[in-house]
Amino acid sequence: MELLRVKGGQPLHGEIQASGSKNSVLAIMCAVLLCDGETILENVPELSDVNTLMQILEETGLKCEWIAKNTVRIQNDGITNSEVSEELVRKMRASFSVLGPLLAKSGKSVIPLPGGCVIGARPVDQHLKAMRALGAHVTMTDGAVSAEINGRLKGAAMFLGTRYGATVGATNAAISAGALASGTTIIYNAAREPEIVDLVMFLNKAGARIRGVGTDIITIEGVESLKGVRYSVMGDRIESGTYLCAGVITRGKVTVSNIAPQTLAGLPSLLFDMGCGITMEGDSITVDASNRELRPTNVITFAYPGFATDLQPAMLTLLTVANGISYVKETVFDARFGFTQELTRMGADIKISGDTAIVNGVDALTGARVVASDLRAAGALIVAGLAAKGSTNIEGLQYLDRGYENPVEKFKSLGAHIERVQS
Ligand code: EPZ
């Protein structure tokens, strides 16, 4: 089995470049189904999730290839198959996001239901609501969603949202499907995440007419067709935040560039509250925790511009060594504290009460053999290992490879002692 071995105690110093955003490129690649001809995507992170989505697009008849480092070419000469295989959807839940674009472009879409996952239940009711609002006939048989439309989807007004707030995936689905619908689509309570802004910038470059993105009301004037374009994907704010937390927990000084600092929303101010120095300049952000004592703080995850749920595991890990008690409330997913059991094995003092983790800072974590149960848990366990006394061996690297590009090389360039080993 392959493990990640991290030897803790070395303050991280230096600068890394953020990779392209995983969640942004996945949404954009799904939207390429709508665009005729050739699309070239730049700043694409080389991740297993990206390769899985390329396989799905190939299954529908598109041609996908890496043509240079971090550059993908996708040729769309027409969709030849509107059914996605269960094996691929099971590999990556985000593959359900081809539902809207496939339906809008080919009039039909059959996608197996992705099911729950380790961070929570993850229903798709709002995706289906959006497709129905646009006129699709949606049914469920044999564990798959089947959506069909005679002719074109029809623009409509819709309210999307769950008890957790706005939904990123359903907002993306409604935007992509609405882009080729006839007439006007209005999405109320739209999610405002920067990855949605990136998707819309791509679609508008391809010929779509979408306004209001970044606010909670998005208006789409449907067009007849979209054309492939060249587009560079935004930097990954979750990857960036993970490296910043790693810099802080090791009491180092780390700069992340190729990232729009405002996309990190609440993270910089929380790190400032904890006692770190923060500098933001152009497309880079520096956090300085050299010789600083870390104060506790409280965190509530929420849809953007709230604190990102995807950064909660790294942030909570940081708080395990702060000087006092912190509260972390998770409001987006209902089971995103699973990784804290592994932190407890490393000496952290964490109690879970419903949707809140009570984190009592300890002097130091100690290395242990731990298992990553999802992508962001993997990032958090690296952050923990970098600060722990001794060696931490992390299992579950298939999750890490889904969302972090070249993590070993990047952490090493900051001075970390980290390597992949067989055990
Ligand atoms: C996206 O997931 C991201 N994934 C997630 O990142 C991220 O955690 C999440 O947005 C929130 O920011 C991708 O972009 C590929 P949602 P998504 O729809 O779209 C509930 C990572 O680690 N809900 O905003 O699936 C849902 O269960 C991943 O990179 C419904 O109830 O998230 C959740 O509790 C993990 N019904 C909440 O809404 C629906 O139809 C927010 O989900 C849809 C969602």
Side-chain angles (χ1 to χ4, degrees), residues 19-31 45 47-50 52-53 56 89 91-100 111 113-133 138 145 158-176 187 189-199 216 233-234 236-242 263 265-266 301-314 330-336 338-339 355 372-380 399-405:
S19 293
S21 160
K22 170 185 81 86
N23 288 343
S24 184
V25 77
L26 293 179
I28 291 172
M29 284 172 71
C30 290
L47 301 170
S48 59
D49 272 10
V50 171
T52 302
L53 188 51
I56 290 173
V89 176
K91 251 190 183 173
M92 185 182 69
R93 191 187 179 285
S95 43
F96 191 77
S97 305
V98 297
L99 178 85
I111 320 282
L113 280 163
C117 81
V118 73
I119 61 174
R122 311 196 74 180
V124 292
D125 55 303
Q126 297 302 303
H127 296 242
L128 307 189
K129 179 180 175 184
M131 296 309 113
R132 287 189 173 116
V138 181
V145 171
M158 65 186 85
F159 175 92
L160 299 178
T162 74
R163 67 192 167 102
Y164 302 100
T167 137
V168 173
T171 301
N172 281 344
I175 290 172
S176 294
I187 307 168
N189 196 37
R192 292 176 280 170
E193 269 65 7
E195 293 78 12
I196 298 179
V197 178
D198 212 28
L199 168 69
D216 54 9
V233 175
M234 65 176 258
D236 195 311
R237 65 193 172 107
I238 308 302
E239 183 209 28
S240 302
T242 307
T263 62
T301 68
F302 210 73
Y304 191 85
F307 188 87
T309 173
D310 292 347
L311 276 175
Q312 178 262 103
E330 171 60 58
T331 75
V332 181
F333 289 109
D334 54 19
R336 213 168 195 180
F339 71 98
D355 62 1
S373 51
D374 79 280
L375 159 57
R376 305 304 171 192
Y399 295 113
L400 184 71
D401 295 338
R402 289 185 59 178
Y404 293 92
E405 189 180 44

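Read the numbers this way: they start at 1 and go in the same order the structure lists the ligands and their atoms.
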>> Distance check, rounded to the nearest 0.5 Å: R122 atom CZ versus D334 atom CG?
In response: 10.5 Å

> Looking only at heavy atoms, is any part of T162 under 4.0 Å from ligand 1, and if so is it the side chain, the backbone, or both, or is it neither?
Replying inline: side chain

>> Check this for me - ligand 1, K22, N or O atoms closer than 3.5 angstrom, yes or no?
In response: yes

>> Within this structure, what is the CG-OG distance for the pair L311 and S240, rounded to the nearest 0.5 Å?
In response: 9.0 Å

> Which part of R336 is near ligand 1, with near meaning a heavy atom under 4.0 Å away: side chain, backbone, both or neither?
Replying inline: side chain

> For ligand 1, does T167 get within less than 4.0 Å through its side chain, its backbone, both, or neither, judged by non-hydrogen atoms?
Replying inline: both

>> For atom 17 (P) of ligand 1, what's the nearest protein heavy-atom neighbour? Residue, atom name and distance, please.
In response: R122 NH2, 3.8 Å

>> Given 3.5 Å as the limit, does a donor-acceptor pair link the side chain of K129 with the main chain of G161, or not?
In response: no

>> Out of F333, Y304, F302, who is nearest to atom 42 (O) of ligand 1 when you count heavy atoms only?
In response: F333

>> Which residue and atom name correspond to the protein heavy atom nearest atom 40 (O) of ligand 1, and how close is it?
In response: Q126 N, 2.8 Å

> In Å and rounded to the nearest 0.5 Å, what is the CE to CG distance from M92 to L26?
Replying inline: 5.5 Å

> Is there a side-chain contact between S21 and R237 (heavy atoms, below 4.5 Å)?
Replying inline: no

> Can you find a heavy atom in the side chain of L199 that is under 4.5 Å from one in the side chain of S176?
Replying inline: yes

> How far does CZ of R163 sit from OG1 of T331, to the nearest 0.5 angstrom?
Replying inline: 10.5 Å

>> Using a 6.0 Å distance limit plus a 45 degree cone around the ring axis, check whether R376 lies over the aromatic ring of Y404.
In response: yes

> What are the atoms of ligand 1, with element, lying closer than 4.0 Å to any heavy atom of T309?
Replying inline: 8 (O), 11 (C)

>> List ligand 1 atoms under 4.0 Å from A94, heavy atoms only on the residue side.
In response: 15 (C)

> If hydrogens are left out, which of S95, P123, A378, S24 has an atom nearest to atom 39 (C) of ligand 1, that is, the closest non-hydrogen atom?
Replying inline: P123

> For ligand 1, is any non-hydrogen atom under 4.0 Å from R163's backbone (N, CA, C, O), its side chain (CB onward), both, or neither?
Replying inline: neither

>> Would you say that L53 contacts I56 through its side chain, given a criterion of any heavy-atom pair below 4.5 Å between the two side chains?
In response: yes

> V332 to ligand 1: N or O pair under 3.5 Å?
Replying inline: yes

> Charged N to carboxylate O below 4.0 Å: is that the case for R336 and D310?
Replying inline: yes

> Can you list the ligand 1 atoms lying under 4.0 Å from a non-hydrogen atom of H127?
Replying inline: 40 (O)

> Taking atom CG of D49 and atom NZ of K22, what is their separation to the nearest 0.5 Å?
Replying inline: 5.0 Å

> Taking heavy atoms and a distance under 4.0 Å, where does R376 meet ligand 1: side chain, backbone, both or neither?
Replying inline: side chain

> At what distance is the nearest protein heavy atom to atom 15 (C) of ligand 1, and which residue and atom is it?
Replying inline: N23 OD1, 3.3 Å

>> Out of D310, L311, T331, who is nearest to atom 35 (C) of ligand 1 when you count heavy atoms only?
In response: D310

>> Determine whether Q126 and M158 satisfy the following criterion, side chain to side chain contact (heavy atoms under 4.5 Å, CB included), listing intermediate values before the conclusion.
In response: CA-CA 10 Å; Q126 297 302 303; M158 65 186 85; over 6 Å; no

> Quick one: which ligand 1 atoms are inside 4.0 Å of a heavy atom on L375?
Replying inline: 22 (O), 29 (O)

> What residue and heavy atom of the protein are closest to atom 36 (N) of ligand 1, and at what distance?
Replying inline: D125 OD1, 2.8 Å

>> I'd like to know whether ligand 1 has R93 as a neighbour, heavy-atom separation below 4.0 Å.
In response: yes

> Heavy atom under 4.0 Å from ligand 1: found in V168's side chain, backbone, both, or neither?
Replying inline: both

>> Tell me the protein heavy atom at minimum distance from atom 19 (O) of ligand 1, and give that distance in Å.
In response: G169 N, 2.8 Å

> Distance from H127 atom NE2 to N172 atom CG, nearest 0.5 Å?
Replying inline: 8.5 Å

